[in-house]
A.B. asks: 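Structure provided below as structure tokens; questions to follow.
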Amino acid sequence: MDNPVPPRTLGPGPRRRDRHGRGMRGPIAPPQVPLAASRADVFADLVQDSVERLERRWPQLADIDFLVLEVPRLDGPGQEWNDEAVPLGGTIPARETQPARVIVYRRPVEIRTKGREERAALVHEIVVEQVAELLGLTPETVDPRYGED
């Protein structure tokens, strides 16, 4: 006997509901609410907040690029992991075609902190230290509140 109903082919999109009509129908939260922001977006906002705080005092920071990378990586042969701590941030000096860069590594910072306030404080500390290194100043000169708990 012929089967009058052709077999259902699975399309490229995800299946939104189960066979009983239940399941996810749309996003859990609208994009404007903090719940919809990813951890990477929230972390990038922490770095941006820290930079804006420092730019009020140091307008030359507008010429520096601030980047967030997931983890530090090894560049080039001969570099290998050692027993020292994983870096939380770094700097790349300015070149003729590229501005100076400050890099903050998201995953090592997230692993070392427990809450949002602690993470924000550590991010600000890292940004201050890296800016101080680029400008050739002490961290206390860049931010007088550096090191306060």
A.B. asks: Where do Ile126 and Gly89 come nearest, in terms of heavy atoms and distance?
C.D. replies: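 Heavy atoms of Ile126 and Gly89 come nearest at CG2-CA, 4.0 Å.
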
A.B. asks: Checking Asp65 now: which residues fulfil side-chain contact (heavy atoms from CB on, under 4.5 Å) with it, not counting sequence neighbours?
C.D. replies: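 Checked Asp65 against side-chain contact (heavy atoms from CB on, under 4.5 Å); matches are Pro99, Arg101.
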
A.B. asks: If you round to the nearest 0.5 Å, how far is CD of Glu55 from CD1 of Ile64?
C.D. replies: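 Going from the CD1 atom of Ile64 to the CD atom of Glu55 covers 9.0 Å.
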
A.B. asks: In the hydrophobic clustering (ILVMFWY, side-chain contacts below 4.5 Å, transitive), which residues join Leu69, or is it alone?
C.D. replies: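 Cluster partners of Leu69: Leu67, Ile92, Ile103, Tyr105.
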
A.B. asks: Which residues pass the side chain to side chain donor-acceptor pair (under 3.5 Å) test with Gln60, sequence neighbours left out?
C.D. replies: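 Partners of Gln60 by the side chain to side chain donor-acceptor pair (under 3.5 Å) criterion come out as none, since no residue qualifies.
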
A.B. asks: Taking side chain as C-beta onward, heavy atoms only, is Trp58 less than 4.5 Å from Leu137?
C.D. replies: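 Yes, at least one pair of side-chain atoms sits under 4.5 Å.
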
A.B. asks: Please report the C-alpha distance between Val42 and Arg39 in whole Å, then the side-chain angles of each, then the deciding distance to 0.1 Å, and finally whether the side-chain contact (heavy atoms from CB on, under 4.5 Å) criterion is met.
C.D. replies: CA-CA 5 Å; Val42 171; Arg39 288 190 321 197; 5.7 Å; no

A.B. asks: Which heavy atom of Leu61 sits nearest a heavy atom of Phe66, and at what distance?
C.D. replies: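 Here Leu61 and Phe66 meet closest at O-CE1, 3.9 Å.
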
A.B. asks: Locate the shortest heavy-atom distance separating Leu134 from Ala100; write the atom from each residue and the value.
C.D. replies: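 In this case the closest contact between Leu134 and Ala100 is CD1-CB, 3.9 Å.
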
A.B. asks: Not counting sequence neighbours, which residues clear side chain to side chain donor-acceptor pair (under 3.5 Å) with Arg106? List them please.
C.D. replies: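 Here the qualifying residues are Glu70, Glu110.
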
A.B. asks: Let me confirm one number: the CD-CG distance from Glu52 to Asp45, rounded to the nearest 0.5 Å.
C.D. replies: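 Taking CD in Glu52 and CG in Asp45, the distance rounds to 9.5 Å.
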
A.B. asks: Could I get the full list of side chain to side chain donor-acceptor pair (under 3.5 Å) partners for Glu117, not counting sequence neighbours?
C.D. replies: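 Applying side chain to side chain donor-acceptor pair (under 3.5 Å) to Glu117 gives none.
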
A.B. asks: Please, which pairs that meet side-chain hydrogen bond (donor to acceptor under 3.5 Å, both in side chains) have at least one residue in residues 124-137, sequence neighbours excluded?
C.D. replies: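 Residue pairs with at least one partner in residues 124-137: Ser50-His124, Arg53-His124, Thr91-Glu133, His124-Asp143, Glu129-Tyr146.
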
A.B. asks: What distance separates Thr113 OG1 from Arg119 CZ, expressed to the nearest 0.5 Å?
C.D. replies: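 CZ of Arg119 is found 3.5 Å from OG1 of Thr113.
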
A.B. asks: If you compare all heavy atoms of Pro108 against all heavy atoms of Pro72, which two are closest, and at what distance to 0.1 Å?
C.D. replies: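 The pair with the smallest heavy-atom distance is CG-CD, 3.9 Å.
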
A.B. asks: Going from CG on Leu88 to CZ on Arg112, what distance comes out if it is rounded to the nearest 0.5 angstrom?
C.D. replies: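 If I round to the nearest 0.5 Å, the distance is 5.0 Å.
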
